[in-house]
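Working notes, beginning with the structure itself.
Atoms within each ligand, like the ligands themselves, are counted from 1 in listed order. Side-chain atoms are counted along with the backbone in the values below, which use heavy atoms only and exclude waters and symmetry mates.
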Amino acid sequence: MELPPALLQSLQNVKGFNQEAFIQVHQSGQQITSIRLNPEKLKIQNLKFKTEGHVLWSSLGYYLPSRPSFTLDPLFHAGAYYVQEASSMFLEEVIKQKVDLSKPLKILDLCAAPGGKSTLIQSIISKESLLVSNEVIKTRVNILSENITKWGAANVIVTNNDPKDFEKLKNYFDVIVVDAPCSGSGLFKKDPNAIGEWSQANVALCAQRQQRILADILPSLKAGGCLFYSTCSFSPQEDEDVLDWLMHEFYTDDKIATMESLRFMLEVDWGIVETVSDKTNAYGYRFYPGKVKGEGFFIAGFKKADVEDGGSQTAHRNKKIKKTFEKLSNTQIQIVQPYLLHANDFFFIKQNEDVMAIPMQLEKELETLQHILYIKKAGVKLGTIIRNELVPAHELAVSNIINTNVNRCEVDLENALQYLRKQELKIECPYNGWVILTYKNLPLGWIKVIGNRINNYYPSAWRILNK
Ligand code: SAM
């Protein structure tokens, strides 16, 4: 593996960079696998794999001694854990250090697909909080929605918007996470093929894009709110230089800087390197493979100053917003309620023929957001009401809001995989009608039992294709 000389050159004076060690770790072929548990679904003792210690900066992250076939583990499909690179799990630590998570918060994960950071954020915020998980690229929103669905939480809204679209939500979010598209050098060790695509010109292009994204999104951060910016690039142009740009760019009319750089506490044994940017002394945190047990990563945090910017009254608050979503009738509510664990905590809306359950406290937010953003998914889709019965949706089966008294049928590994391949099932099930199939007590999806026949309702698009 030959690393781009121009990349090595650009890192010569960067704190923590040691060329020899850097090249050596990239040539070692050493691979690190880590997962993060879904606290709503899985306890570590129920995990099938052997783990190899905790990710030091994450309460739910674990290393595995080797990479198993996640595809052939039904718990993976049940959303019991997320396969995530260890360094990026540091987002948990920085949010916990700087944000009061006991409050109901509105959080935006702006560049969210495929959902690693969003599922992490969802696991650490309160049930009363809202996570808006956004992805601009249309073709990547499906995988984001799928991962959010498997995670099972109801307090997430998935959107498909350009950062510029958020301008109308002035001073709206308490926290914004920008895990920016970047030149990707931090992942060279994991994926040496990416080296061929690296160029200095692309680094420059990425840096410009990162600045544009930040400029577009900052108006929607509340005064006093926190911004977390990260990349998986080693290039200072995309890291410290972007911090300098951000600190420089945003001033009030009185020339007061609106962004305050945040400093994080580090444990020495984490191996994370703190840097300060050249011009404005903004703090950045570098993850060098070899120094940390993880891939290349960079993160920094900012607080938006509590200064008058003349426009703190948000457009959406001044307008009387007309509700446009259709609510369910009382009869329809009575049909869906028995499927939910705490039905009174939700309000129900109809979108085309689908019924969705949204946490009660998010009603106002959904009203606001639906006028401004393209909402791909909100809350949990319960299904469709046909002839006074609910035809349940897959989302409901794998959600954390489903009533535990809905009929369930536990299967072994072989039958779980048969189900996930959407093949015929030959199992004994004592119930008739809609039944949830579980593996190690975690829902995989619906089957419908009609006499001796069992219909497999696993979503076709998600079925396992390999043998
Ligand atoms: N946060 C994700 C996770 O942890 O799973 C990874 C995000 S990836 C580093 C960057 C994302 O930004 C990609 O999904 C990409 O499609 C999206 N993106 C690309 N161009 C963008 C733009 N101009 N504005 C916002 N997001 C963009």
Hey, is ligand 1 close enough to Gly116 that some N/O pair sits below 3.5 Å?
yes

Could you tell me whether Lys381 and Asp354 make a salt bridge, using a distance below 4.0 angstrom between a side-chain N and a carboxylate O?
yes

Any N or O on Asp109 sitting closer than 3.5 Å to an N or O of ligand 1?
no

Residue pairs passing the salt bridge (Lys or Arg N to Asp or Glu O under 4.0 Å) test with at least one member in residues 239-248, sequence neighbours excluded, are Asp239-Arg286, Glu240-Arg286

For Glu85, is there an ion pair with Lys190 - N to carboxylate O distance below 4.0 angstrom?
no

Tell me which protein heavy atom sits closest to atom 2 (C) of ligand 1, plus the residue, atom name and distance to 0.1 Å.
Ala113 O, 3.3 Å

Taking the ring centre of each residue, are Phe188 and Phe234 less than 6.0 Å apart?
no

For Ala112, the atoms of ligand 1 under 4.0 Å from one of its heavy atoms are 1 (N), 2 (C), 3 (C), 5 (O)

Check whether any N or O atom of Glu135, backbone or side chain, sits under 3.5 Å from an N or O atom of ligand 1, and answer yes or no.
yes

Which one holds for Pro163 and ligand 1: side chain close, backbone close, both close, or neither close, with close meaning a heavy atom under 4.0 Å?
side chain

Atom pair CD1 (Ile176) and CG (Leu221), whose distance is rounded to the nearest 0.5 Å
4.5 Å

the protein heavy atom lying closest to atom 12 (O) of ligand 1 turns out to be Cys111 CB, 3.3 Å

Counting each atom of ligand 1 from 1 as listed, which ones have a heavy atom of Ala180 under 4.0 Å away?
9 (C)

Below a 4.0 angstrom heavy-atom separation, can you tell me which part of Lys117, side chain or backbone, both or neither, approaches ligand 1?
both

I'd like to check whether Arg209 has a polar contact with ligand 1, where a contact means an N/O of the residue lying under 3.5 Å from an N/O of the ligand.
no

Within a reach of under 6.0 Å around CG of Asp269, are more than 12 heavy atoms found that belong to other residues, nucleotides or ligands?
yes

Side chain or backbone of Ile213 under 4.0 Å from ligand 1, or both, or neither, by non-hydrogen atoms?
side chain

Ignoring hydrogens and geometry beyond distance, is a side-chain donor-acceptor pair present between Ser58 and Arg36 at under 3.5 Å?
no

Heavy atoms only, cut-off 4.0 Å: how does Gln84 contact ligand 1, side chain, backbone, both, or neither?
neither

Is a donor from one side chain sitting under 3.5 angstrom from an acceptor on the other, for Gln237 and Ser10?
no

Identity and distance of the protein heavy atom lying nearest atom 10 (C) of ligand 1:
Asp179 O, 3.4 Å

Pair Glu135 + Lys376, salt bridge at N-O below 4.0 Å:
no

Taking distance alone, with N or O pairs closer than 3.5 Å, would you say Ile137 contacts ligand 1?
no

Heavy-atom proximity to atom 20 (N) of ligand 1 ranks first, among Ser233, Cys206, Cys232, Pro181, for Pro181

Given Asp174, which partner from the list Lys222, Lys303, Lys304 fulfils the salt bridge (charged side-chain N to carboxylate O under 4.0 Å, His left out) test?
Lys222

So the atoms of ligand 1 within less than 4.0 Å of a heavy atom of Val136 turn out to be 18 (N), 21 (C), 22 (C), 24 (N), 25 (C), 26 (N), 27 (C)

In ligand 1, which numbered atoms sit nearer than 4.0 Å to a non-hydrogen atom of Arg140?
13 (C), 14 (O), 15 (C), 16 (O)

State whether Lys164 and Glu167 are salt-bridged, where the test is any N-O pair (Lys NZ or Arg NE/NH1/NH2 against Asp/Glu carboxylate O) under 4.0 Å.
yes

